[in-house]
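Just so you know, these numbers use all the heavy atoms, side chains as well, and skip hydrogens, waters and symmetry mates.
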Amino acid sequence: MSIPGRIACGAPTSEGRRLRESPWATGMCWLYCRRSNVTVAWIGPVVSSGAQAPLYGCAMCIAELDHMVWQYCAARDRA
């Protein structure tokens, strides 16, 4: 069952596998470090203020994002 405003916390899906299999390119990390000219992977689309753009992240920032998601899921499971 889906609860509005909540993300699904479960085993990695085909979307997660697709990310690891996606081609890496050189570009700017749109996540935490915002470094330019680094190896990045497409994470998915991001929507902000009604505009949509492709979201890219470096391996370090993607790992941090994964950690934050799993911490959220673990805390929600304990509640």
Once rounded to the nearest 0.5 Å, what's the spacing between atom [atom1] of [X] and atom [atom2] of [Y]?
X	Y	atom1	atom2	value
C58	R34	SG	CZ	12.5 Å
L31	I43	CG	CD1	4.0 Å
E64	M60	CD	CE	9.0 Å
C61	W30	SG	CH2	14.0 Å
C29	N37	SG	CG	13.0 Å

Item to check | Closest heavy-atom pair and its distance - Y56, P54 | outcome: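 That would be CE1-CB, 3.6 Å.
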Checklist entry - Which atom pair, heavy atoms only, marks the closest approach of A41 to I62? => result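 Minimum heavy-atom separation between A41 and I62: CB-CD1, 4.3 Å.
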Checklist entry - Out of curiosity, does Y32 fall in the hydrophobic cluster containing V46 (side-chain heavy atoms, cut-off under 4.5 Å, transitive links)? => result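 Same cluster.
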